[in-house]
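The analysis underlying the following values was restricted to heavy atoms, covering all of them including side chains, and did not include hydrogens, waters or symmetry mates.
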Amino acid sequence: MAVTELSTSCTETAICFRSSQLSLSSSSSSSRFSHHFRRSFRPPLPKTRSPTISCSVTSDQVQTQTPVQAESPKGKSECYGVFCLTYDLQAEEETKLWKKLINIAVSGAAGMISNHLLFKIASGEVFGPDQPVALKLLGSERSVQALEGVAMELEDSLFPLLREVSIGIDPYEVFQDAEWALLIGAKPRGPGMERADLLDINGQIFAEQGKALNACASPNVKVIVVGNPCNTNALICMKNAPNIPAKNFHALTRLDENRAKCQLALKAGVFYDQVSNMTIWGNHSTTQVPDFLNARIKGLPVKEVIKDHKWLEEEFTEKVQKRGGVLIQKWGRSSAASTAVSIVDGIKSLIIPTPEGDWFSSGVYTNGNSYGIAEDIVFSMPCRSKGDGDYELVKEVIFDDYLVKRIKKSEAELLAEKRCVAHLTGEGIGFCDLPGDTMLPGEM
């Protein structure tokens with residue numbers, strides 16, 4: 001008789017989700033899997049200590065075991081929730097064919113975007129139906145209880161692929177061994193706040209998170225920065241993580257790409273899946289450039305399908321740039337569900353080969369680009385992937401005066417932002433000379 005004993009590490013916890021036992025009963029048609037989350041309570045920690053949770057729910061890969069009887073949980077911890085029960089897997093092969101577990105860290109994990117995103121990841125929608133995942137959720141001191149609520153909802157959803165949940169407020173602990181880091185948490189721009197102030201406040205957050213990733217994450221961790229201003233935050237994070245390849249850092253501009261595809265599809269009277277080769281150039285701000293010159297509808301250049309070129313240059317571009325603000329006026333809050341969808345799209349674009357002839361947009365490091373864009377900034381450009389987590393920049397794009405002029409405007413803004421945060425990237429004293437107080441998509 002063999003029993004798999006799983007190690008559990010819970011340090012300074014307010015709440016701990018873990019697996020106490022694992023047993024599999026093999027038969028010709030099914031296997032029995034006992035999966036437990038346990039909850040332990042400890043006295044409140046001193047305020048000077050950071051409450052964190054780091055717990056293991058199961059091993060990287062389930063192996064077939066000799067039939068055993070699950071033992072009763074030992075110790076003072078009481079069993080937590082539905083995972084005290086046993087449930088059936090459809091077939092023994094289901095677990096035998098699962099891949100090695102991957103660690104996914106998410107900051108701002110108690111926020112609205114994460115509330116949509118985490119369940120997509122846990123369900124297998126993002127990384128695949130045979131890919132077990134561990135979610136490592138980062139919050140703040142104010143959001144610890146909310147993080148516990150998130151973990152409870154993840155429990156109640158009964159995701160077989162969700163093997164581990166850990167929560168905490170210290171990035172050095174939460175980012176341990178992370179293979180993907182989705183950095184969503186950031187301070188929103190408040191009334192009267194200058195863009196320079198927002199750059200400094202959020203820049204400090206991403207500088208610290210970059211250092212934590214550099215110290216604790218997997219050496220090849222893929223980082224997607226969502227918190228705004230995401231291009232410059234990604235640059236700051238990258239500069240503070242010199243041991244991680246610069247190519248691994250992305251600023252999310254996929255929502256802008258999706259919005260542009262939607263507007264072109266509406267104008268052309270086609271479904272959105274007929275729109276391809278859409279590029280968002282530049283900054284995730286109102287200087288971004290939705291590229292209709294290289295985009296295609298049903299395989300044809302957009303300008304051949306949509307004859308109203310004035311609409312393309314004026315109304316289309318402005319609609320994409322300001323779509324987030326319009327949504328706030330209608331909805332009363334910034335986009336969350338569509339942002340989560342775009343994060344999923346961005347991840348899939350890196351782990352699934354790009355369809356032949358197509359490409360996708362992502363804010364990436366400009367060093368070595370062939371477009372004439374200034375180096376040492378994070379700039380949204382057209383990318384293509386083989387599905388291995390890496391990407392290459394697309395070569396077969398064309399430019400006209402209209403496109404170049406607008407790309408240069410966004411470039412100038414990002415260079416000014418870079419100067420503004422020089423103190424956070426190790427490049428001297430920050431000096432802010434931003435060319436106009438441009439808005440982020442969604443800012444009021």
Side-chain angles (χ1 to χ4, degrees), residues 105-108 111 113 138 140 169-172 174-175 178 180-189 193-217 219-253 282-285 287-288 343 346 362-367 369 373-381 410-435 437-438 440-441 443:
V106 182
S107 76
I113 296 172
L138 178 66
S140 64
I169 65 173
D170 183 350
Y172 285 87
V174 176
F175 291 167
W180 287 84
L182 312 178
L183 306 184
I184 300 171
K187 182 180 177 63
R189 184 176 181 178
M193 182 185 292
E194 296 291 337
R195 187 173 174 85
D197 295 333
L198 185 69
L199 282 164
D200 182 62
I201 293 169
N202 281 334
Q204 292 181 50
I205 295 171
F206 285 89
E208 185 66 15
Q209 291 183 359
K211 292 173 184 175
L213 288 167
N214 196 61
C216 304
N220 197 36
V221 60
K222 302 297 188 294
V223 183
I224 298 180
V225 176
V226 182
N228 284 317
C230 64
N231 292 63
T232 298
N233 285 342
L235 180 70
I236 293 168
C237 191
M238 183 197 76
K239 292 288 188 177
N240 283 276
N243 296 335
I244 299 170
K247 256 190 118 175
N248 289 16
F249 289 82
H250 296 258
L252 185 75
T253 56
N283 198 5
H284 179 65
S285 76
T287 67
Q288 65 174 264
I343 296 170
S362 189
V364 295
Y365 196 43
T366 54
N367 277 18
N369 81 88
I373 295 167
E375 298 207 337
D376 204 32
I377 55 177
V378 172
F379 199 91
S380 185
M381 298 182 285
S410 200
E411 175 192 80
E413 182 178 60
L414 282 168
L415 288 170
E417 288 186 9
K418 178 188 172 186
R419 291 190 292 271
C420 198
V421 299
H423 59 296
L424 298 173
T425 59
E427 299 175 8
I429 300 174
F431 173 72
C432 290
D433 59 340
L434 298 174
D437 193 23
T438 57
L440 298 167
E443 286 184 340

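If you take SG on Cys420 and CZ on Phe431, they are separated by 9.5 Å, rounding to the nearest 0.5 Å. For the atom pair CZ of Phe175 and CG of Leu138, the computed distance is 5.0 Å after rounding to the nearest 0.5 Å. The OG1 atom of Thr366 sits 8.5 Å away from the CZ atom of Phe379 when rounded to the nearest 0.5 Å. Here Ile205 contributes atom CD1 and Lys187 contributes atom NZ; the two are 8.5 Å apart, rounded to the nearest 0.5 Å.
Here the shortest heavy-atom pairing between Ala215 and Tyr172 reads CB-CE2, 4.0 Å. Counting all heavy atoms, side chain and backbone alike, Ala105 lies closest to Ala178 at CB-CB, 3.9 Å.
Looking at heavy atoms from C-beta onward, Asn228 lies in side-chain contact with His284 at the 4.5 angstrom threshold. At a threshold of 4.5 Å between non-hydrogen side-chain atoms, the residues Phe249 and Ile244 count as touching.
At a cut-off of 3.5 Å, with distance as the only test, a side-chain donor of His250 or Ser362 sits close to an acceptor on the other residue.
A donor-acceptor pair is defined here as one N or O able to donate and one able to accept, closer than 3.5 Å; no such pair exists between the side chain of Asn283 and the backbone of Gln288. Under the 3.5 Å distance criterion, the side-chain polar atoms of Asn240 are left unmatched by any main-chain donor or acceptor of Lys211. Counting only distance, with no hydrogens or angles, the side chain of Asn231 and the backbone of Gly363 share no donor-acceptor pair below 3.5 Å. Of the possible polar contacts, none joining the Thr253 side chain to the Ser380 backbone as a donor-acceptor pair under 3.5 Å is found. One N or O on the side chain of Asn233 and one on the backbone of Pro229 form a donor-acceptor pair closer than 3.5 Å. Asn202 places no side-chain N or O within 3.5 Å of a backbone atom of Ala186 that could act as its donor or acceptor partner. Under the 3.5 Å distance criterion, the side-chain polar atoms of Ser107 are matched with a main-chain donor or acceptor of Gly185.
Residue pairs meeting the salt bridge (Lys or Arg N to Asp or Glu O under 4.0 Å) criterion with at least one partner in residues 227-251, sequence neighbours excluded, are Lys239-Asp376, Lys239-Glu427, Lys247-Asp390.
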Exercise. Can you check side-chain contact (heavy atoms from CB on, under 4.5 Å) on Leu235 and Tyr365, steps first, answer last?
Worked result: CA-CA 8 Å; Leu235 180 70; Tyr365 196 43; 4.2 Å; yes
Exercise. side-chain contact (heavy atoms from CB on, under 4.5 Å) between Val364 and Met381: does it pass, once the steps are laid out?
Worked result: CA-CA 7 Å; Val364 295; Met381 298 182 285; 3.5 Å; yes
For this session: Any chance you could lay out the side chain to side chain donor-acceptor pair (under 3.5 Å) test for Asn248 and Asn220, step after step, and finish with the verdict?
Result: CA-CA 7 Å; Asn248 289 16; Asn220 197 36; 2.9 Å; yes
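With sequence neighbours excluded, the residues satisfying side chain to side chain donor-acceptor pair (under 3.5 Å) with Ser410 are Thr287. With sequence neighbours excluded, the residues satisfying side chain to side chain contact (heavy atoms under 4.5 Å, CB included) with Thr232 are Leu199, Ile236, Leu414, Glu417, Val421. Take Ala234 and apply the side chain to side chain contact (heavy atoms under 4.5 Å, CB included) test, not counting sequence neighbours, and it matches Val225, Ala251, Val378. In this structure, the side chain to side chain contact (heavy atoms under 4.5 Å, CB included) partners of Ala181, at least two apart in sequence or on a different chain, are Leu183, Leu213, Val221, Val223. The side chain to side chain contact (heavy atoms under 4.5 Å, CB included) check on Leu415 picks up Ala374, Ile377, Glu411, Arg419, with sequence neighbours excluded.
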